[in-house]
Protein chains: 4
Amino acid sequence: MTHHSVCDDCIIGKVTKPSTRAERRKAELRQEIIDTAFVCFAEKGYHATGIADIAGQLGIGHGTFYRYFSNKREIIDHVIDDLAARIIAALGTENAPDAAATLDEYRAQIDRIGVALTEILLTDRRVAQLLLFHATGIDDELTQRLYGLLDTADALTAGYLDHGVEQGYLRADLDTSNTARAVTGMLIGGIVYSLREPDEAAIAGLNQAIRRLLVDGVRKD
Amino acid sequence: MTHHSVCDDCIIGKVTKPSTRAERRKAELRQEIIDTAFVCFAEKGYHATGIADIAGQLGIGHGTFYRYFSNKREIIDHVIDDLAARIIAALGTENAPDAAATLDEYRAQIDRIGVALTEILLTDRRVAQLLLFHATGIDDELTQRLYGLLDTADALTAGYLDHGVEQGYLRADLDTSNTARAVTGMLIGGIVYSLREPDEAAIAGLNQAIRRLLVDGVRKD
Amino acid sequence: MTHHSVCDDCIIGKVTKPSTRAERRKAELRQEIIDTAFVCFAEKGYHATGIADIAGQLGIGHGTFYRYFSNKREIIDHVIDDLAARIIAALGTENAPDAAATLDEYRAQIDRIGVALTEILLTDRRVAQLLLFHATGIDDELTQRLYGLLDTADALTAGYLDHGVEQGYLRADLDTSNTARAVTGMLIGGIVYSLREPDEAAIAGLNQAIRRLLVDGVRKD
Amino acid sequence: MTHHSVCDDCIIGKVTKPSTRAERRKAELRQEIIDTAFVCFAEKGYHATGIADIAGQLGIGHGTFYRYFSNKREIIDHVIDDLAARIIAALGTENAPDAAATLDEYRAQIDRIGVALTEILLTDRRVAQLLLFHATGIDDELTQRLYGLLDTADALTAGYLDHGVEQGYLRADLDTSNTARAVTGMLIGGIVYSLREPDEAAIAGLNQAIRRLLVDGVRKD
DNA sequence: TATGAATGAGAGTTCATTCAT
DNA sequence: TATGAATGAACTCTCATTCAT
């Protein structure tokens, strides 16, 4: 009854030939359902969204939904999976944690990550909308998965910090994992702020403050 | 249809005489309903909680609920109001932003605030549980109110920072409002972490990292 | 999850005062639902009957049904219970197995029982309709209960036979329990026949044949 | 809308040439569908069995079903037809009603019939399972067909009795048709008993009692 | 011809809300 | 004033049937 053995036909490495046209169409529709569900959940919330809404939006009969997913509950897992994959893909491309060798390079790298994150989330704010507002509190299991995403983010950040410590441009006694958690908190805070405040200048200001806090701290000297 | 003209008999300044005993009893029951709703919402979530659950828990008929509140929707407003008041009360008591005159005193103050916050949220984790997991995504209006709470927190934090800048122990060019937002993010991140991780030592570690980041920054020198 | 602890407010011995009027009305409605369900199930069958049919027939909202029974499945148990009680009441009244002391009296008693049975089932053929046609094959558990009714009937008949053996007007080596089973079979066969053939004379003919078979056997001499 | 013009390619007298191979294959599959439907209906009941179950069990697409039968409803007719044919075949082979010339031969014949019946129904209890539990109450029309089977059984039994009367070893004034109905009732009662009670000795006991009742009656002398 | 993807009528069930008592 | 019986809109899910491939 565990929902997590989800990715039968997941994201990466699909070297398998597109197979028959029927199978391709099936996979397509399946994906379309996930995408539409994502939109509905993000905009109206999980509870306010009925299967009929998703199906109607897509222009399919609502019975069809159940040919692809056996549950309303099941689909949000797939939606979340997709989002996680999307985010990781967006972040992971060009910013390996070992790319920075000096504090200045580190600063530049942080800038790039900030821009990338902002990009994703301004491009489609529904991503954050769903993850932060509508995916919470549905289920213990789903909550655990969200925690897992958080852990991933923490680990990612910690990787950058660890590298900085190794390279010597970050404090040697830095508690990297806890600091990473704090940083993730700031980032998510920034994302929430971006959700309310569409003004890019304002967002840039907050990004700046976060970077500054992260790099220099608030101490005067 | 706006829900916000809520506070007929709100939090502060209830100088109005206790009036008749009947009226007092009524106010009491009203409060009990709010408290019970808080517990139910926090534990099972808003959607999974029925009016009948709240009433049953309290031992009143569920029709009675509608003599005190006209909506299921309405009550969560009051629950949130109560929580906000509780948190502000807990924070505001002894820690005026102007209490710190030096960096050391500031550091000490931050410690006290951290302890106070931890206190509230470890004492009754349902507070955070509700605010962060179950109050989100119910409603646009409620979301706006949560944003309002966030703003309050930001403003509070900004007050401390402004004071520090004025006193000269914080950087003069500090962007206090954006930095405050970043700090609030860290705090909430910490709270979320506390929710999953009941080990007090771990929480203390994260608190420490947050304080350190806030005061010293991550830079080596 | 066993359905059988059914009779909270069952059939016999209701010495408990009718209590409040509200409670009486509630019990009444409950009974009306059972009766209406009986009618619907008997006429259209269990599967073809929707909760909405029962409620509509009764003129209540279909949500109301669920205030009295938690399941569609649950109500047929109560319907069957009621029928069993009705039948037993109808049979048991005046025909104790020890009422017959001679073969002639036995013959007369059998006549009376036959008449009583015919009475019940001609009065409301839906009873047999439901038990024989629509209650079968719904559920393993329900099937077991029907078997139980059959056993009761067998035991009842066996009682009469045992008494006859004791009194000496029936064969001493009679296998009373198996013969009772055979007799029950004949009776049920007769009931089925009555269901199709409303002509009372025809039914009387079959009754006669059954009695004759039972008392004299088919042997010429 | 009458379902009864069923037997396009029925049971008996299929002298029609086997025609093309394709046609033969078609008839085969058609029969396989009927057989599989029989198994499913008998085991899970008509309502609990989906077309997809039958098709899946057989390994064909469930769309294919509709190339052979136009209805879910239609197929049970064919299933019943098949069963009737099977039973009649099993009974009719060697036990012509005119085979018995004396009471002793009659007794022996009854034994043989009892054995044959038991044989059929113990060999595949699903036959009785379906006929007695799952075919009832589906439809008025189907009920009529079951009644027809019953009539056949009655007529068959009546034939034996008539013959006995003619031969003079049965009572001259015997109401053969009604007695036959009673006998059929006993037989069906016995079958039901066999369904619950797999112990062969118990079944033999009941068979014995039925035969005794039939031949000697319960009268002491 | 065989298939299974698509469909939607319709089922059972829940629960916020009303209102007579 | 407090109650809980009554309600029905709304929801999730099933499955017999159709039809393009």
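Only heavy atoms go into these numbers, but all of them, side chains included; no hydrogens, no water, no symmetry mates. The chains referred to below are lettered A, B, ... by the order of the sequence lines, with proteins before strands, and numbering in each begins at 1. In this text the structure is predicted, and so the values were computed from the model without any measurement.
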Original post:
Is the distance from OP1 or OP2 of E/dA6 to the nearest side-chain N or O of A/R25 less than 4.0 Å?
Top reply: yes
Taken to the nearest whole Å, CZ/A/R21 to P/E/dG4 is 17 Å
To the nearest angstrom, the NE2-C1' distance between B/H47 and F/dA10 comes to 15 Å
Respond yes when some side-chain nitrogen or oxygen of C/N71 is under 4.0 Å from OP1 or OP2 of E/dG12, and no when none is. no
Rounded to whole Å, CZ of A/F65 lies from C1' of E/dA5 at a distance of 16 Å
With a 3.5 Å cut-off and just heavy-atom distances, do the side chain of C/H62 and the base of F/dA6 make a donor-acceptor pair?
no
DNA chain F nearest-nucleotide lookup for B/G61 and D/Y46: closer to the 5′ end is B/G61
Next on the checklist: Side chains of C/Q31 and C/D35 only: does a donor on one sit below 3.5 Å from an acceptor on the other?
Outcome noted: yes
| A/T143 vs A/T136 side-chain heavy atoms within contact, under 4.5 Å | no
| OP1 or OP2 of F/dC11 sitting under 4.0 Å from any side-chain N/O of A/K72? | no
Scan B/G50 against the nucleic acid and name what it touches under 4.0 Å (heavy atoms): base, sugar-phosphate only, or nothing.
sugar-phosphate
On the nucleotide F/dA5, are OP1 or OP2 found under 4.0 Å from the side-chain N or O atoms that C/Y68 carries?
no
In whole angstroms, the gap separating C1' of F/dA16 from CD1 of D/I54 amounts to 11 Å
Judged by nearest nucleotide, the residue sitting upstream toward the 5' end of DNA chain E, C/I51 or A/I60, is A/I60
Fill in: Check: A/R30 and A/F69 side chains under 4.5 Å, non-hydrogen atoms
yes
Checking F/dA2, F/dT12, E/dT13 against the side chain of B/T64 (C-beta onward), the nearest is F/dA2
From CZ of A/R24 across to C1' of F/dT21 the rounded distance in Å is 15 Å
In this structure, NE2 of C/H47 is separated from CD1 of D/I138 (nearest 0.5 Å) by 9.0 Å
For A/F38 and A/L130, the nearest pair of non-hydrogen atoms, with its separation, is CD1-CD2, 3.5 Å
To the nearest angstrom, the CD-C1' distance between A/E23 and E/dT3 comes to 14 Å
Margin query: So B/K26, base contact, sugar-phosphate only, or nothing? Heavy-atom distance under 4.0 Å.
Written below: nothing
Minimal heavy-atom distance between D/H62 and D/I51, with the atoms involved, is O-CG2, 4.1 Å
C/E32 CD to F/dA6 P, in whole Å, measures 10 Å
Given Watson-Crick and G-U pairs under 3.5 Å, DNA chain F in dot-bracket ([ ] crossing, | other strand) is .||||||||||||||||||||
Ranking F/dT7, F/dC13, E/dA2 by distance to the side chain of C/R67, first place goes to F/dT7
Cation over ring face, B/K72 and B/F65, 6.0 Å, 45°: no
Per nearest nucleotide of DNA chain E, the residue lying toward the 5' end, C/Y66 or B/T49, is C/Y66
Modelled atom types, side-chain donor and acceptor of D/D53 and D/Q57, under 3.5 Å:
no
Atom CZ of A/F69 and atom P of F/dT12 are separated, to the nearest Å, by 15 Å
